[in-house]
Amino acid sequence: MKKLRIAALLLFATAAVSAQDLRTNEVPANLQSTFTKSFTNVKDVEWEKKGDVYKVEFEINRMDHDIWYDAQGNVIKSKIEISESELPSTVASAVKTKYADYKIDSVEVLEEGGKKTYKVEIEKGWTKERKLVLDASGEILSDMED
């Protein structure tokens, strides 16, 4: 019982220090302007703030997008869901070569500090799943089994 109380307290403390949800009118005008100039036809827009960093989550054509901005409106990093057909051929080829018997389930493009990586989730049947991170040349940087 004591462990349960400690776990509940830790969960509450973690939630208390996590990102703060913002209403659109609470987002600085320069960030809203930068966002609306960069992205059109967006749906389900949600803003958060953690420290000095603003994060906006939204959808375009049912694909998830996350963009992190600094207070001046500069993009710090991004995570964008893409279709398998949008993968660079070097990345798609590397996945298919090493995991020929797996099927690509989802793909995200992560960009931070000028570096672009691809998070590719693959599956084999109902029980085997892997999460891969590859660079643009197709080199596997991370390979984790789920």
Side-chain angles (χ1 to χ4, degrees), residues 4-99 102-124 126-146:
L4 183 60
R5 286 185 194 149
I6 292 172
L9 181 61
L10 288 174
L11 181 63
F12 177 74
T14 301
V17 296
S18 66
Q20 170 190 357
D21 291 337
L22 299 174
R23 292 188 301 269
T24 303
N25 64 349
E26 296 174 318
V27 177
N30 65 318
L31 293 180
Q32 288 184 40
S33 176
T34 299
F35 174 69
T36 56
K37 285 178 186 173
S38 301
F39 300 97
T40 58
N41 299 322
V42 299
K43 297 197 183 294
D44 301 326
V45 177
E46 295 179 12
W47 286 90
E48 296 178 353
K49 181 180 179 191
K50 185 172 184 179
D52 292 333
V53 176
Y54 293 83
K55 176 184 175 188
V56 61
E57 299 175 3
F58 58 98
E59 290 182 8
I60 298 177
N61 299 324
R62 291 184 274 195
M63 298 297 233
D64 293 331
H65 292 62
D66 295 354
I67 309 293
W68 288 261
Y69 293 99
D70 64 16
Q72 291 72 42
N74 301 306
V75 175
I76 298 170
K77 65 180 176 176
S78 65
K79 177 174 73 172
I80 299 173
E81 182 181 11
I82 63 170
S83 66
E84 179 180 350
S85 64
E86 294 174 284
L87 263 177
S89 59
T90 52
V91 176
S93 176
V95 172
K96 289 178 183 176
T97 299
K98 184 158 182 171
Y99 296 102
Y102 280 74
K103 177 184 173 272
I104 294 178
D105 184 43
S106 67
V107 181
E108 293 176 338
V109 181
L110 309 161
E111 192 166 351
E112 184 173 10
K115 294 174 117 179
K116 193 178 279 191
T117 57
Y118 299 84
K119 179 181 174 189
V120 181
E121 294 186 12
I122 57 176
E123 59 187 11
K124 180 178 174 184
W126 295 97
T127 57
K128 292 201 174 205
E129 295 182 2
R130 303 189 82 80
K131 291 182 182 179
L132 310 173
V133 176
L134 301 94
D135 66 13
S137 71
E139 180 181 345
I140 296 175
L141 306 173
S142 173
D143 181 351
M144 297 179 65
E145 191 171 357
D146 255 358

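In what follows, every heavy atom counts, from backbone to side chain, and hydrogens, waters and symmetry copies are set aside. Just so you know, residue 1 is the first one in the sequence shown, and it goes up from there.
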Between the side chains of Glu57 and Lys55, is the shortest nitrogen-to-carboxylate-oxygen separation below 4.0 Å, so that they form an ion pair?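 Judged by the 4.0 Å cut-off on N to carboxylate O distance, Lys55 and Glu57 do form a salt bridge.
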
Ion pair present between Glu84 and Lys96, side-chain N to carboxylate O less than 4.0 angstrom?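 Salt bridge flag = yes for Lys96 with Glu84.
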
List the residues meeting side chain to side chain contact (heavy atoms under 4.5 Å, CB included) with Leu141, not counting sequence neighbours, and say none if there are none.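 Counting only residues at least two positions away or on another chain, Leu141 forms a side chain to side chain contact (heavy atoms under 4.5 Å, CB included) with Thr117, Val133, Asp135, Glu139.
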
Gap between atom [atom2] of [Y] and atom [atom1] of [X] - 0.5 Å precision:
X	Y	atom1	atom2	value
Gln20	Lys50	CD	NZ	12.5 Å
Leu87	Ile82	CG	CD1	4.5 Å
Glu123	Asp105	CD	CG	4.0 Å
Ser83	Arg62	OG	CZ	12.5 Å
Glu111	Ile76	CD	CD1	13.5 Å
Ile80	Lys116	CD1	NZ	8.0 Å

May I ask you to check whether over 12 heavy atoms, not counting those of [X], lie within 6.0 Å of atom [atom1]?
X	atom1	answer
Asn61	CG	no
Asp146	CG	yes
Asn25	CG	yes

Among Phe35, Tyr69, Trp47, find the residue that satisfies the side chain to side chain contact (heavy atoms under 4.5 Å, CB included) test when tested with Val27.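 Result for side chain to side chain contact (heavy atoms under 4.5 Å, CB included) with Val27: Trp47.
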
Which label fits Tyr102 and Tyr99: parallel for a plane angle under 30°, tilted from 30 to 60°, or perpendicular past 60°?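 Taking Tyr99 first and then Tyr102, their aromatic rings stand perpendicular (interplane angle over 60°).
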
Do you know which two heavy atoms are closest between Leu31 and Ala71, and how far apart they sit?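 Reported closest heavy-atom pair: CD2-O, 4.3 Å.
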
Using modelled atom types only, decide if a donor and an acceptor are shared between the side chain of Gln32 and the backbone of Thr24 within a distance under 3.5 Å.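 Yes, the answer is positive, given that a donor and an acceptor are paired below the 3.5 Å cut-off.
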
